[in-house]
Amino acid sequence: MSEETAELPAGLRPVAELDLKPALEAVLMVVDEPATAEHLSKLLERPKQTITKALRALAEEYTAQGRGFELRFVAGGWRFYTRGEYAPAVERLVLEGQTARLTQAALETLAVVAYRQPVSRSRVSVVRGVNCDGVMRTLLQRGLVEEAGTEPETGAILYRTTNYFLERMGLRGLDELPELAPFLPEAEAIEAETQEGVPSFDPDAPDAPGTDDADD
Amino acid sequence: MSEETAELPAGLRPVAELDLKPALEAVLMVVDEPATAEHLSKLLERPKQTITKALRALAEEYTAQGRGFELRFVAGGWRFYTRGEYAPAVERLVLEGQTARLTQAALETLAVVAYRQPVSRSRVSVVRGVNCDGVMRTLLQRGLVEEAGTEPETGAILYRTTNYFLERMGLRGLDELPELAPFLPEAEAIEAETQEGVPSFDPDAPDAPGTDDADD
Amino acid sequence: MSEEEPQDVPDGVFKVRLANFEGPFDLLLQLISKHKLDVTEVALSKVTDEFMAHIRAMGPDWDLDQTTEFLVVAATLLDLKAARLLPAAEVEDEADLALLEARDLLFARLLQYRAYKQIADIFNRRLDDEARRWPRTVGLEPHLAELLPEVVISIGPEGFAKLAVKAMQPRPKPQVYVDHIHAPLVSVQEQAGIVVARLRELGEASFRVLVEDADNTLTVVARFLALLELYREKAVALDQETALGDLIVRWTGGDGGTQPAVTDEFDRPPEPPKPPKEEKA
């Protein structure tokens with residue numbers, strides 16, 4: 001019983017003539033993944049900037065009106081979320097779908113991957129000082145990291161964070177990650193050295209001696 | 001990472017103290033089925049009349065503000081719907097990219113549900129090695145699987161295939177599904193046995209040893 | 001962990017009590033990293049003892065994360081201290097220079113680890129915070145669901161069963177590839193044979209002489225490891241007059257034809273990186 005959108009029942013206006021903000025609200029009620037401004041722009045036949053402006057205005061309205069939901073731009077797309085304040089109520093309803101906490105080890109590994117991506121396991125291990133294979137497997141299984149090709153010199157598999165990671169963290173993109181520098185005195189010097197510099201302490205370097213921890 | 005509602009993180013108020021209208025909005029944002037006033041009354045710890053009054057007020061607000069969604073009382077319960085006026089946009093969204101065929105991922109997930117039912121989403125994810133939430137939603141939407149109660153130990157929702165699935169497969173009943181054994185490579189015949197029986201091979205079992213995905 | 005936490009509150013946080021320092025382990029690290037405390041003046045064995053006592057006191061509740069962290073930090077401190085204690089000779093050759101750089105890099109490693117740990121805390125808070133919001137992922141309204149085309153499953157029951165088998169096959173877990181790590185090309189046992197033969201002939205030789213003909217670093221390392229084994233077997237005596245000076249090796253294994261036992265400890269292929277280092281995921 002599908003209807004051609006072309007032949008609209010009486011009283012319905014074509015998409016291009018619909019009021020933008022409520023049309024966005026209606027569409028976002030139905031999407032089950034973050035909708036990009038591009039997608040919405042094509043769908044509603046308006047320029048992308050117009051869409052983005054309207055979405056921002058809506059998000060602000062909901063906050064100003066103290067609604068129980070919010071419109072957020074996460075992982076590159078827009079989506080309705082319940083507002084954090086009302087978690088105690090929502091929690092009673094959605095027991096499922098909440099994932100288990102990550103261990104400290106997994107969190108640290110995730111942090112290194114996030115800032116160093118794409119990065120090999122052995123390099124992560126160097127930063128953390130312990131083997132991270134098991135933890136990396138967990139992160140892969142959880143969909144928080146994924147493989148990203150291999151390092152040309154060593155053939156080691158590289159890892160990066162996923163879009164799902166951004167979603168779970170509520171980040172728009174990787175550029176929203178907190179800066180590392182404030183946590184790292186003389187950060188630049190250290191980063192530069194350990195990343196590029198002295199081969200004798202870089203087990204990822206192809207000619208490094210004693211690379212028994214280069215496990216990939 | 002669901003928290004016990006008893007011990008709330010800093011800044012969160014207990015359910016009974018939450019502002020009613022936004023709490024209702026938050027809850028209704030995530031319910032699939034129309035929610036009855038009784039249910040909401042228990043959930044939010046307020047008298048039923050208070051709930052009904054707040055819901056009516058919300059529905060009126062949305063209409064007055066010309067929102068793209070509305071709150072409607074249908075089949076004895078309340079649910080967010082897209083507003084009819086914006087159907088052209090919503091229908092376009094729903095129909096784009098939809099085909100009669102299922103994706104490979106959806107088919108595989110369906111196959112796992114068919115042979116393991118009733119089964120939870122997390123178990124299907126473990127079997128398939130990837131998160132299957134999105135695919136399961138598609139299968140639900142297409143009417144091929146349905147909810148079948150909850151797992152007593154975990155409270156996880158269980159899924160089973162529907163009559164519509166049988167119809168689309170041209171089967172009269174589940175007993176007409178071909179047996180798996182003839183298709184198993186010899187080595188895996190053992191696996192098939194362990195699939196049901198031995199708990200040590202059950203990655204969902206709460207006490208299973210060495211499950212790398214149980215990371216807490 | 002706050003920086004000024006003087007008393008020993010039983011909060012499960014490990015605290016160090018030394019002659020020149022008392023407080024949380026993390027603070028010790030901060031002071032060292034800010035050059036406010038010289039690592040050479042920290043009695044690491046004392047720190048380790050205290051940590052062991054701390055773990056024992058916690059009984060069955062000891063925390064894997066805390067232990068792992070302690071190991072990482074203690075190991076780095078040890079490295080650091082070793083590097084510091086080596087004589088600071090004039091920086092003449094490249095080896096010395098590398099040593100100096102090594103110290104700084106060890107510092108760097110420690111600081112870096114701490115930075116990522118702090119970031120991990122931020123991640124954790126963010127994930128927690130984010131877990132209080134749920135995206136709307138509800139099914140389509142019935143009238144919209146009806147718009148969807150009828151599903152066509154064209155693979156037939158048998159194809160479906162095959163698919164099920166394929167889908168349920170245990171997937172290879174994300175792998176740890178170690179194929180490219182090969183067994184050592186130089187055998188310590190073999191090199192021990194060469195060293196023993198040469199020492200029997202010379203009676204005494206400097207390490208420099210013993211490795212004169214070694215054509216690569218691995219062989220040098222293998223001969224050194226062989227010496228350690230021989231020393232354990234009391235077949236050689238070692239003498240080094242000045243730090244970084246010549247290492248004199250003297251044969252003490254007698255004239256008998258019996259060959260001192262040299263194990264294959266160093267020749268075995270690398271064990272898969274599993275226990276004790278791998279963390280619980």
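Here is the naming used below: chain letters follow the sequence lines, and residue numbers restart at 1 for every chain. Side chains included, hydrogens not; waters and symmetry mates left out as well; all remaining heavy atoms used.
- Nearest heavy atom pair, residue B:Arg79 against residue C:Leu140, reads NH2-O, 3.9 Å.
- Within the model, atoms CG of C:Leu163 and CG of B:Leu110 stand 9.0 Å from one another, a figure rounded to the nearest 0.5 Å.
- Separating the CG atom in C:Leu147 from the CD atom in B:Glu91 is a distance of 5.0 Å, to the nearest 0.5 Å.
- Taking NZ of C:Lys162 as the reference point, atom CG of B:Leu180 lies at 12.5 Å (rounded to 0.5 Å).
- Interface residue B:Phe80: backbone and side-chain heavy atoms are both found under 4.5 Å from chain C.
- Without hydrogens or angle criteria, B:Tyr115 side chain to C:Val165 main chain gives no donor-acceptor distance under 3.5 Å.
- If you measure heavy-atom distances from B:Gln104 to chain C, the contacts under 4.5 Å come from the side chain alone.
- Around CZ of C:Phe224, the count of heavy atoms belonging to other residues, nucleotides or ligands within 6.0 Å does not exceed 12.
- Remark: the backbone N or O of B:Met29 is paired with a side-chain donor or acceptor of C:Arg136 at under 3.5 angstrom.
- Shown here is B:Glu33, whose CD atom has no more than 12 heavy atoms of other residues, nucleotides or ligands within 6.0 Å.
- A pairwise comparison of heavy atoms in C:Ile153 and B:Met169 identifies CG2-SD, 3.6 Å as the closest pair.
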(request) Go through C:Arg132 and B:Leu12 one step at a time and tell me if the side chain to side chain contact (heavy atoms under 4.5 Å, CB included) criterion holds. (result) CA-CA 10 Å; C:Arg132 291 181 200 160; B:Leu12 287 189; 3.6 Å; yes
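- Residue C:Phe160 comes nearest to B:Leu177 through the heavy atom pair CD2-CD2, 3.9 Å, listed as atom of the first residue, atom of the second, then distance.
- Interface residue B:Thr82: backbone and side-chain heavy atoms are both found under 4.5 Å from chain C.
- The two residues C:Leu144 and B:Val94 make their nearest non-hydrogen contact at O-CG1, 4.0 Å.
- Contact record, B:Phe183 with C:Glu158: CZ-CG, 3.2 Å, taken as the closest heavy-atom pair.
- Only the backbone of B:Leu28 comes within less than 4.5 Å of a heavy atom in chain C; its side chain stays farther off.
- Residue B:Ala114 touches chain C through its side chain alone, counting heavy-atom pairs closer than 4.5 Å.
- Contact annotation for B:Val74: neither backbone nor side-chain heavy atoms come within less than 4.5 Å of a heavy atom of chain C.
- We find the CD-CE distance between B:Glu108 and C:Met168 to be 10.5 Å, quoted to the nearest 0.5 Å.
- Expressed to the nearest 0.5 Å, how far OG of C:Ser154 lies from CG of B:Leu102 amounts to 9.0 Å.
- The two residues C:Val138 and B:Gln141 have their closest heavy-atom pair at O-NE2, 4.1 Å.
- Contact of B:Arg101 with chain C is made through backbone and side chain together, with heavy-atom distances under 4.5 Å.
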